Amino acid sequence: MLCDFFGVIFMKLYLKRDVSPDCINFLLFDERGQEKYVVKNEKTKLSSKLVFTVRDRQGNIAAKIRRFPVAGACAFVLRVGKSHINLVMVPTKRGVYSVFYGNNWHILGDIAAKDFTIIDVDKTVILNHRRHADHCTLEFFDPENELYCVSAAVCVNFINTVGKPVAQAAV
């Protein structure tokens with residue numbers, strides 16, 4: 001749903017962790033409480049990478065997220081259609097350092113606390129991500145990049161929660 005807030009158009013979704021045994025990891029709802037996307041862990045033949053799919057209401061794959069094992073970092077490939085971007089996050093003593101490859105985005109705020117903003121190189125806001133007790137709020141200011149933002153938000157929410165898909169910690 002698009003909202004007009006002081007002349008700025010944005011859409012809001014709610015990201016909720018799902019710990020049910022059927023391999024669904026996250027559910028995304030709109031402001032009316034209707035499910036918009038489901039993020040599922042997909043089984044792969046290669047045990048070295050984890051693959052997650054973002055599926056729409058009809059069950060079609062809208063985006064894919066691949067997590068690659070990199071020593072001391074979390075590396076993800078976010079694929080929407082035929083294009084992709086990479087997101088690398090490195091936990092440090094001062095917080096989580098993040099870099100996007102394939103676009104000009106930057107993350108501002110505290111990724112570890114799940115309270116951050118994704119901005120473009122010209123400092124326009126792409127996404128606001130805010131953590132609440134039982135869910136996260138995603139405010140999109142660039143509807144064309146909604147699936148990349150959803151994928152990036154899912155990646156950030158996997159930090160410190162998924163070591164192995166079977167040993168997920170409830171948030």
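What you see is a predicted model; the values in this text were computed from it and never measured.
Partners of Leu108 by side-chain contact (heavy atoms from CB on, under 4.5 Å), not counting sequence neighbours, listed by chain and number: Ile119. In this structure, the salt bridge (Lys or Arg N to Asp or Glu O under 4.0 Å) partners of Asp115, at least two apart in sequence or on a different chain, are Arg130. Thr124 pairs by the side-chain hydrogen bond (donor to acceptor under 3.5 Å, both in side chains) definition with Asp122, not counting sequence neighbours.
Two rings, from Phe158 and Phe52, have their centers less than 6.0 Å apart.
The two residues Val90 and Gly72 make their nearest non-hydrogen contact at CG1-O, 3.6 Å. Scanning both residues, Cys149 and Ile126, for their nearest heavy atoms gives SG-CG2, 3.4 Å. Minimum interatomic distance between Arg79 and Lys82 (heavy atoms only, all atoms of both residues): NH1-O, 3.4 Å. Minimum heavy-atom separation, Lys40 to Asn25: C-ND2, 3.6 Å. For the residue pair Thr137 and His132, the shortest heavy atom distance occurs at OG1-NE2, 2.8 Å.
With hydrogens and angles disregarded, a donor-acceptor distance shorter than 3.5 Å links the side chain of Asp56 to the backbone of Gly59.
With Val54 as the partner, the side chain to side chain contact (heavy atoms under 4.5 Å, CB included) test is satisfied by one option alone out of Leu78, Val80, Leu147, Leu28: Leu147.
Atom CD1 of Ile111 and atom OH of Tyr97 lie 10.5 Å apart (nearest 0.5 Å). We find the CG-CD1 distance between Leu127 and Ile118 to be 4.5 Å, quoted to the nearest 0.5 Å. A distance of 9.5 Å separates CG in Asn103 from CG in Asn86, rounded to the nearest 0.5 Å. How far CG of Asn128 is from OG1 of Thr117: 4.0 Å, rounded to the nearest 0.5 Å. Atom NE2 of His135 and atom NZ of Lys16 lie 8.5 Å apart (nearest 0.5 Å). The CD atom of Glu31 sits 11.5 Å away from the CD atom of Gln34 when rounded to the nearest 0.5 Å.
Looking only at side-chain heavy atoms (C-beta outward), Val150 and Phe140 come within less than 4.5 Å of each other. Using a 4.5 Å heavy-atom cutoff, the side chains of Cys136 and Asn157 are in contact. Leu13 is listed as a side-chain neighbour of Asp30, based on a closest heavy-atom distance under 4.5 Å.
The cationic atom of Arg17 (NZ for Lys, CZ for Arg) lies less than 6.0 Å from the six-membered ring centre of Phe26 and within 45° of the ring axis.
Taking hydrophobic clusters as Ile, Leu, Val, Met, Phe, Trp and Tyr residues chained together by side-chain heavy-atom distances below 4.5 Å, Ile85 shares a cluster with Phe76. The cluster map of Ile, Leu, Val, Met, Phe, Trp and Tyr, joined by side-chain heavy atoms under 4.5 Å apart, puts Met89 and Val99 in different clusters.
In the hydrophobic clustering (ILVMFWY side chains linked at under 4.5 Å, chained through shared members), Val70 stands by itself.
Listed by first then second residue, pairs satisfying side chain to side chain donor-acceptor pair (under 3.5 Å) with a partner in residues 144-154 read Lys36-Glu146, Tyr37-Glu146, Ser83-Tyr148, Asp142-Asn145, not counting sequence neighbours. Applying the ring pair (Phe, Tyr, Trp, His ring centres under 6.0 Å) test to every pair with at least one member in residues 99-118, sequence neighbours left out, gives these pairs: Phe100-Trp105, Phe116-His129.
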With side-chain hydrogen bond (donor to acceptor under 3.5 Å, both in side chains) as the criterion, how do Thr53 and Arg55 come out once you've worked through the C-alpha distance, each side chain's angles and the decisive distance to 0.1 Å?
CA-CA 6 Å; Thr53 56; Arg55 296 179 180 266; 3.3 Å; yes
